[in-house]
2 protein chains.
Amino acid sequence: MVRTSAPRAQEGTFFCLGHLEITMDFPEHTVAGCRGREILERIGDKWSLQVIALLGDRTLRFTELKREIEGISQRMLTVTLRGLERDGIVTRTVYPVVPPRVDYALTPMGTTLLEAAITLVTWAESHLSEIDAARAAYDARTPTPAPVTSN
Amino acid sequence: MVRTSAPRAQEGTFFCLGHLEITMDFPEHTVAGCRGREILERIGDKWSLQVIALLGDRTLRFTELKREIEGISQRMLTVTLRGLERDGIVTRTVYPVVPPRVDYALTPMGTTLLEAAITLVTWAESHLSEIDAARAAYDARTPTPAPVTSN
DNA sequence: CCGTATCCTGCGAGATACTG
DNA sequence: CAGTATCTCGCAGGATACGG
């Protein structure tokens, strides 16, 4: 059994994913703005994890990132990088040359985040076939209700 | 150094987060629909992880989940649970009684997913203050451009 | 109690055009 | 090269009402 939420009205250090009660002694653990969820909002968005993964490999320039990440728009790459920079996940280094050159790299904290995230990716890799099987079984049990072609 | 993307034009088992080239010998690793991202879309959404965390604790009924998860709508709880059920993360057990009773529980696979996800939550817990500091520093460096109140 | 069925809204995110 | 500035649109997700 994995213990993630607290027995009611108890205190201590818990994962901030469940009960209201556990937040009493930890003002920073609000329910609506559950801090534990913030990291998911950070790497759970469409592009952040890909950026982090690429930078885990090596420092990259803006255009290099754009080229590596299939389908990302210039705007979203900028937005993503700014968010990661603000959170201290990546560093942004501007070289005052012309044409401009900007390097992005993982901070030490960013590296540890990547290591933590890899746990999940690894899990995904090793369970994809099982998930596919579950989906197929589910869809077989619950055939899509024919969109009104039977009359 | 964390190695997440492949040296170009090489083959083997890599994390599906970066290069195009690594997908050549793994048809299931498409770029747009990167399978590694699917799990993030699963637990990265607004409610799934909270549901998983609560069920990691113990089996819960629909209404119990609704009560525990502050702010979730009936609709989104249903949608979330259906998705998790389809992926084989949770089981749904209907008792033919009146009024109806439906129990939700983690599958073995769901439990392993929770364990993997906890890695990230733990990381978040232990880096929140560092992130806050980074944000404060960033915001100090980059004060919000006054929204035209200076004329 | 445990859902579906609609309607509606805000925001994530793409496309495009323009600058230092 | 490395961005900002707009405009636009789809859809995740909330509110509400009803059904078995």
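Predicted, not measured: the structure shown is a model, and the values here were computed from it. Letters A, B, ... mirror the listed sequences (proteins, then strands); counts begin at 1.
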Among D/dG3, D/dG13, C/dG14, which nucleotide has an atom closest to any side-chain atom of A/Arg92? D/dG3
How close or far is atom C1' of D/dG3 from atom CD1 of A/Ile72, stated in whole angstroms? 14 Å
Does any N or O in the side chain of A/Ser48 come within less than 3.5 Å of the main-chain N or O of A/Arg42, such that one atom is a donor and the other an acceptor? yes
Mapping B/Val102 and A/Met76 to their closest nucleotides on DNA chain C, which lands nearer the 5' end? B/Val102
D/dC1 OP1/OP2 closer than 4.0 Å to side-chain N/O of A/Tyr104: no
To the nearest angstrom, the CD-P distance between B/Glu64 and C/dC1 comes to 11 Å
Atom CG of A/Leu77 and atom C1' of C/dA13: how far apart are they, to the nearest Å? 13 Å
A/Lys66 side chain vs A/Leu77 backbone, donor-acceptor pair below 3.5 Å: no
Short side-chain N/O contact to C/dG14 OP1/OP2 from A/Lys46, under 4.0 Å: yes
Basic-acidic side-chain contact under 4.0 Å: A/Asp103, A/Arg92: no
Given atom CG of A/Asp45 and atom P of D/dA12, what is their separation to the nearest angstrom? 16 Å
Taking A/Thr119 for its side chain and B/Thr119 for its backbone only, find out whether a donor-acceptor pair lies under 3.5 Å. no
Send over the distance from B/Gln74 CD to D/dG20 P, rounded to a whole Å. 16 Å
Has the side chain of B/Thr107 got a donor or acceptor atom that lies under 3.5 Å from a matching backbone atom of B/Ile89? yes
Candidates D/dC1, D/dG3, C/dC1 - which lies nearest the side chain of B/Arg61: C/dC1
What is the distance, rounded to the nearest whole Å, between atom CD of B/Glu85 and atom P of C/dC2? 15 Å
From D/dT4, C/dG14, C/dT4, pick the nucleotide closest to the side chain of B/Arg82? C/dT4
Tell me: CG of A/Leu65 to P of D/dA2, nearest whole Å? 9 Å
Has B/Arg75 got a side-chain N or O lying under 4.0 Å from the OP1 or OP2 atom of C/dT6? no
For A/Leu81 and D/dT4, give me the distance from atom CG to atom C1', rounded to whole Å. 14 Å
